[in-house]
Amino acid sequence: MGSMGKDASAASGEGSSRVVLAVNGVRREAAGVHPSMTLLEFLRTKTPVRGPKLGCGEGGCGACVVLISKYDPATDEVTEFSASSCLTLVGSLNHCSVTTSEGIGNTRDGYHPVQQRLAGFHASQCGFCTPGMCMSIFSALVKADKPGATGDATPAPTGFSKLTCSEAEHAVSGNLCRCTGYRPIVDTCKSFAADVDLEDLGLNSFWKKGADRADVDKLPTYSAGAVCTFPEFLKAEIKSSLEHQTNRVPAVIASDDGWYHPKSIQELHSLFDANWFDETSVKIVASNTGAGVYKEQDLYEKYIDIKGIPELSVIDRSNKGVEIGAAVSIAKAIEVFSDGTPVFKKIAGHLSKVASPFVRNTATIGGNLIMAQRLWFASDIATVLLAVGTTITIHTASKMLCLTLEEFLEQPPCDAKTILLSIFVPDWDSDSVIFETSRAAPRPFGNAVSYVNSAFMARTSGDAASGDLIEEICLAFGAFGVDHAIRARKVEDFLKGKSVSAPVILEAVQLLKDVITPSEDTTHPEYRVSLAVSFLFSFLSSLGKDLVEPTKDIIPNGSGVNGSAESLTEKHAEVASDDLQIRSRQEIVFSDEYKPVGKPITKAGAELQASGEAVYVDDIPAPKDCLYGAFIYSTHPHAHIKGVDFKSSLAAQKVITVISAKDIPAGGKNVGSRFPMIGEEALFSDPVSEFAGQNIGVVIAETQKYAYMAAKQAVIEYSTENLEPPILTIEDAIQHNSYFHPPPFLAPQPVGDLDKGMSEADHKILTGEVKLESQYYFYLETQTALAIPDEDNCITVYASTQIPEVTQNVIADLLGLPYHNVRVITRRVGGGFGGKGLKGCHVACACALAAYKLRRPVRMYLDRKTDMIMAGGRHPMKVKYNVGFKSDGTLTALHMDLGINAGISPDVSPLLPASIVGALKKYNWGALAFDVKVCKTNVSSKSSVRAPGDVQGSFIAEAIIEHVASTLAADTNAVRRRNLHGIESLTTFYGDAAGDAATYSLIDMFDRLAASPEYRSRAAAVERFNGTSRWKKRGISCVPITYEVSLRPAPGKVSILNDGSIVVEVGGVEIGQGLYTKVKQMAAFGLAELVPDADGLLDKVRVIQSDTLSLVQGGFTGGSTTSEVSCEAVRQSCATLVERLKPIKESMEEGKSGAAAPWSALIAQASMASVNLSAHAYWTPDPAFLKYINYGAGVSEVEIDVLTGATTILRSDLLYDCGQSLNPAVDLGQVEGSFVQGVGFFTNEEYATNADGLVINDGTWTYKIPTVDTIPKQLNVELINSARDQKRVLSSKASGEPPLLLAASVHCAMREAIRAARIEFSAESPLTFQMDVPATMADVKELCGLDVVERHLESLSAAAAAKA
């Protein structure tokens, strides 16, 4: 790299044309790269670094986080900050140092304490997000421990950082993880905090909870400053460059890298005046974070970096206020405002909830405001600054202007040559004003755009007797579906000069509803209006006499001033729910019976994952002549594809070719995926597109970025001539009899006599309904594959897949090849959840076809948007039911009409009815009958998503139980308990899967939770809280689950090499579920007879990648039983080896006084004796024991904000019967991770499509999975070790999917809280109401009542009038 850079520089004759930076202390030059290249692309394609990953390309997931360091030679200071490398352009990083996860620790140099603790706290599962987590934590430590950072010169306690527990939680607030549920990651963060109580931290490998003393000395030693973030050679190079700056070439003369770095406004305008300036091909940047919101639609040829203009970086404090340059980062602005008046501190508090730490560190104040003005970005910053009288200075092509922020926002969108120079925020006399900001968003800590934001400032006068009189008031609102933040001037004018009372607020609210008018295409418009009303009501109530009561329940982002601070402090004596620190408890039974099986050992490869050295498919070095692909997909649900053309653009010039159905070889078949014996789906639409999102072709280009950008240039010609209208919904499908028909052997069977059950009922609900929407997988690693053509018409495909064998077969059929010509290899998968099953086949097939056709390697890594559009996701369902029951709550009969939206192809949909009904059968319905319709529609095929069918069936059961309980006005848990099975009815409903009575643990678990004194005490506390709190309500609920799993055949192979090391192969794939870890333990256990200490064998075992030509009949990874069946196959292989080696061991030990033969000597002797040291087994389950049931129960307590619809999960207690766990740490991680994924499904994950069925919530901006701030504030998990059952693998049970069903307890608790709100506000039908999935903030608010504020004010006004 270095020599390339020097040559390019010499050729241009201009030394500044190259970007020089340090990457993990090594000098690198970015020469000859496209000017649009991001730091992430540079690191991954031009250096050996692989730690930073592409998770979203939007700055919304944290997978690509790195530490960037800058050096100021004038002060000899280094400034470090975390940043999203997917948004940071490498051309802007001259003389910067970049540190990645490999740079702070690795296999060769030793791991960093952050990496070791992430592994030791079991905080890495699939591992794809772990390097980014690692760097976010490391960045927080660097910031906290920087000399003078905290203003406290006292050193941190030995082994700790100066980080606080609260700061530790926020350190990863912008990082997404789909696997772990965040709890162990939070524990890792907190282990560095100076104020942590180590005893509070969860299960780890450093001390045994409950037995050993928690001690910092047992943790990997942390020492601040141990990693050099800025190398000396780069400092010297910077100083040297300064000495030669006297002859600096003006910025208008281009360096050959396409980047311009003006140092003054004058130079900037000379660039604007250049004849080549064209805003369609030239981009003006300060940080480029806006590209995460507004995706580039074409390549830019040139970039103008304005950060070097001094006026844009000014920070000037005075007694009049503070001026901040437009290129100052949001993080720096927060620092400035934090060190100021109460109003300024309030601004800082609100800004800290904008974006995420690693985005705020680079995103600029000016960039945010420009996006708000030019592109109508839903900015929080614009709203907050609008309320405090901010003025801005802009420079147009001809002059400099000073405008109020309001004037600036109201102007027509400014052109590219208009530069925002600075903002000025006046200082306010805090003794005379009250200032408050609010925002409602799916995530409290930020990293989510607001539904509505507001900022209010008022100056009041008056005395306690007469109440405050509003002298001046400013009411700013934004993000509600309007072009930009606005002031509600009509409302302001009305309020001026008035004393606040209920009638005054009511009239102000009515006026406000005329002002807040969301545009037509805005989602949840009524909800947004209601939020604006809530914010205004909360603020004005704090100003009025005798109106303080409502504010006790809404905790705005900060306290008011002007005397109200004291009263607010009293009212907010308790910490707001959002600000509660995360706590946890784990209770696990350990067993040495089968050691090392049963020990909570650290996940195999966890440190490797944390350092970023673990190799995923996209980390495999690109082969020579590698090409890259990106899908072109249809946006029409049912249309002829008449042709594909490309726009005239820079990106279109990068197209090498387009691969489509016409390129399928003779003898091949247009197939992209297949479920054996069920059906298949085409790889390409040919000639008709059957759903929006269907593959039309694959654009091939020389880089992945070029392929992405080129695919955006595609122009598709459609025709709907002679085609029926598309069928998009369940209702459409039923009307048109459009169904898939599951084969009879898959169909669930009814139970009992429905008519008899209904006739025995005292009560009947004849029309009940519930709807469940879809859920996207959101694995952090999108679909990816690398195909390499080989000799003799063979091809090797490296695929991120859960089904290597099926993938191999489908590729072979696509290409018309025998199966042995296709080799599919999978080492690890960066998150699957079912989505890397059939859905992963399409990418592998597309790569294979392109590589086969072009005879060159082809790689594809889908961008997040394309992945979300194509992935399909969980099955939407609509249920109608009628149920009969006795007066005591005993169920007698249930009939259910169930519609399942399967999409365009069968996929796994025919399996869904059995899963849904299986989970529904957790209760004794008396008699159970159903009519299930698997609907064929013109939308993307829905597929297996973690706990497919079971999570919906279990929830449907709860919805019906709650309907029954509300009809009887009975306690819901009492109805649940009454209808749990006895062993006899369990056998009636589940047949042989019910097992022995001793293994039925559900009743005991449910009683331990729901019938415990603690639960009764908590339920009473909830009731008391609801009796005294009007605007916040709590609910608590306990949910039981059953989950039937199937055992299936599995291969295993164990080979012992000459040095005694052991290689294991299994058919299953490591997707983060700990398969390889359990297999390692089982291999050591299986060979234990040959060694005195089986634990000593663990380090000798390596589980290697799945290879379809090495281990055949690998099957699939899914259904939660892959680990146990793979372990059993390995145990059988080991038994064969033990049988072969035992005679040699015995002969070696004869005459040695019983001394055990050393392992290495035993293997050497066996090798010399030509003993076969490799054994293969294909385990098949006992035909009499093909299924068993998993049990669990969960209690969740939530708090909802009636004014905003926000839900805080205060606590969740989960009991899960794990049998005799093969690895308690792994199983605990599965329980927590699946539960939190379920929380996302039931709450904030809104899977939205347009009128054509095309997914529109297609990225991190719009699709919100749980984050560290939305998980339970207290998460307690206990793994139950139930009765032995030798029919199971060492008495173990599945853990990967069943616990997800426990998340329904959150939804049920939310229903209880909403019920309390509906009773409080006298809603129609307060007890019985339909609450669908997901229950988003908007849904919660709507169910509580969008007009609760108005109704409350009307009642207060009426009461006041009556008194008068």
Test salt bridge (charged side-chain N to carboxylate O under 4.0 Å, His left out) applied to Glu1124 - qualifying residues, sequence neighbours left out: none
Mind checking what makes side-chain contact (heavy atoms from CB on, under 4.5 Å) contact with Lys886, not counting sequence neighbours? Glu760, Asp762, Asp888, Thr890, Thr892
Can you name the closest pair of heavy atoms from Ala993 and Ile1189 and give their distance? O-CG1, 3.5 Å
With Pro1334, which residues qualify under side-chain contact (heavy atoms from CB on, under 4.5 Å), at least two apart? Glu773, Thr1336
Under a plain distance cut-off of 3.5 Å, with no hydrogens placed, do Ser905 and Glu681 share a side-chain donor-acceptor pair? yes
Over all heavy atoms of both residues, which pair between Ala1294 and Val1045 is shortest? Give the atoms and the distance, please. CB-CG1, 4.3 Å
Does the side chain of Phe675 reach to within under 4.5 Å of the side chain of Glu680, using non-hydrogen atoms? no
Heavy atoms of Gln1081 and Gly598 approach each other most closely as NE2-N, 4.0 Å
For Phe1235 and Ser1305, work out which heavy atoms get closest and say how close. CE1-OG, 4.2 Å
What I'd like to find out is whether the side chain of Tyr990 reaches to under 4.5 Å of the side chain of Thr1042, using heavy atoms alone. yes
Are any of the side-chain heavy atoms of Trp925 and Asn979 separated by less than 4.5 Å? no
Just by distance, with hydrogens left out, do Gln1220 and Ser591 show a side-chain donor and acceptor under 3.5 Å apart? yes
Would you call Lys922-Glu1044 a salt bridge at under 4.0 Å N-O? no
Polar contact flag, side-chain donor to acceptor under 3.5 angstrom, His1307-Thr1243: no
Just so I know, are the side chains of Leu894 and Leu920 near enough to count as touching, which here means a heavy-atom distance under 4.5 Å? yes
Sequence neighbours left out, what passes ring-ring contact (aromatic ring centres under 6.0 Å, His included) with Phe1116? Give chain and number order. none
Does His875 form a side-chain hydrogen bond (donor to acceptor under 3.5 Å, both in side chains) with Ser774? I'd like the steps, not just the answer. CA-CA 5 Å; His875 291 75; Ser774 188; over 6 Å; no
Please identify each residue that fulfils salt bridge (charged side-chain N to carboxylate O under 4.0 Å, His left out) with Arg1048, with sequence neighbours left out. none
Side-chain heavy-atom pair Leu1111, His1176 within 4.5 angstrom cut-off: yes
Would one find more than 12 heavy atoms of other residues, nucleotides or ligands at under 6.0 Å from atom CG of Asp992? no
Contact check, side chains of Glu962 and Cys1308, non-hydrogen atoms, under 4.5 Å: yes
Is it true that Glu1297 and Gln1230 share a donor-acceptor pair across their side chains at a distance under 3.5 Å? no
Decide, yes or no, whether a salt bridge links Asp1285 with Arg1288 under the criterion of side-chain N to carboxylate O below 4.0 Å. yes
Heavy-atom side-chain proximity of Val1289 to Ser1292 below 4.5 angstrom: yes
Please examine the side chains of Leu898 and Lys933, heavy atoms only from C-beta on, and report whether any two atoms are closer than 4.5 Å. no
Tell me which donor-acceptor pairs under 3.5 Å the side chains of residues 1005-1012 have, and how far apart each pair is, sequence neighbours excluded?
from: Asp1007; atom 1: OD1; to: Arg977; atom 2: NE; distance (Å): 2.7
from: Asp1007; atom 1: OD2; to: Arg977; atom 2: NE; distance (Å): 3.3
from: Asp1007; atom 1: OD2; to: Arg977; atom 2: NH2; distance (Å): 3.3
from: Arg1008; atom 1: NH1; to: Glu1278; atom 2: OE2; distance (Å): 3.2
from: Arg1008; atom 1: NH2; to: Glu1278; atom 2: OE1; distance (Å): 2.6
from: Arg1008; atom 1: NH2; to: Glu1278; atom 2: OE2; distance (Å): 3.4
from: Ser1012; atom 1: OG; to: Leu1009; atom 2: O; distance (Å): 3.0
from: Ser1012; atom 1: OG; to: Tyr1015; atom 2: N; distance (Å): 3.1

Please enumerate all residues that pass side-chain contact (heavy atoms from CB on, under 4.5 Å) together with Ser1234, with sequence neighbours excluded. Arg946, Pro1299, Leu1300
Are Lys836 and Tyr779 in a cation-pi setup, meaning NZ or CZ lies under 6.0 angstrom from the ring centre and within 45 degrees of the ring axis? yes
Here the pair of heavy atoms bringing Gly1219 nearest to Ser1282 is CA-OG, 3.9 Å
Who pairs with Pro596 by side-chain contact (heavy atoms from CB on, under 4.5 Å), at least two apart in sequence or on another chain? Lys599, Ala1084, Phe1085, Ala1094, Asp1095, Leu1098
Can Ser1120 and Tyr1043 be counted as having a side-chain donor-acceptor contact under 3.5 angstrom? no
Looking at Ser941, is its backbone amide N or carbonyl O close enough to the side chain of Lys839 to form a donor-acceptor pair, meaning the two atoms are under 3.5 Å apart? yes
Please walk me through it: do His895 and Tyr881 pass ring-ring contact (aromatic ring centres under 6.0 Å, His included)? CA-CA 6 Å; His895 183 272; Tyr881 58 86; over 10 Å; no
Got a list of side-chain donor-acceptor pairs under 3.5 Å for residues 980-987, not counting sequence neighbours?
from: His981; atom 1: ND1; to: Ser985; atom 2: OG; distance (Å): 2.8
from: His981; atom 1: NE2; to: Lys921; atom 2: O; distance (Å): 2.6
from: His981; atom 1: NE2; to: Tyr923; atom 2: O; distance (Å): 3.3
from: Ser985; atom 1: OG; to: Gly982; atom 2: N; distance (Å): 3.2
from: Ser985; atom 1: OG; to: Gly982; atom 2: O; distance (Å): 3.2
from: Thr987; atom 1: OG1; to: Ile983; atom 2: O; distance (Å): 2.9

Do you see a donor-acceptor pair shorter than 3.5 Å between the side chains of Thr801 and Thr826? no
Under the salt bridge (charged side-chain N to carboxylate O under 4.0 Å, His left out) rule, collect the residues that match up with Glu1128, sequence neighbours excluded. Arg1131
Within residues 1222-1238 or reaching into it, pairs that qualify as salt bridge (charged side-chain N to carboxylate O under 4.0 Å, His left out) - sequence neighbours excluded: Arg183-Glu1232, Lys1078-Asp1227
For Tyr1000 together with Tyr1191, are the ring centres under 6.0 Å from each other? yes
Which residues satisfy the salt bridge (charged side-chain N to carboxylate O under 4.0 Å, His left out) test with Asp907, sequence neighbours excluded? none
Classify the angle between the aromatic ring planes of Phe1185 and Tyr1188 as parallel (below 30°), tilted (30 to 60°) or perpendicular (above 60°). parallel
Do Thr1122 and Thr1117 have a side chain donor and acceptor closer than 3.5 Å? no
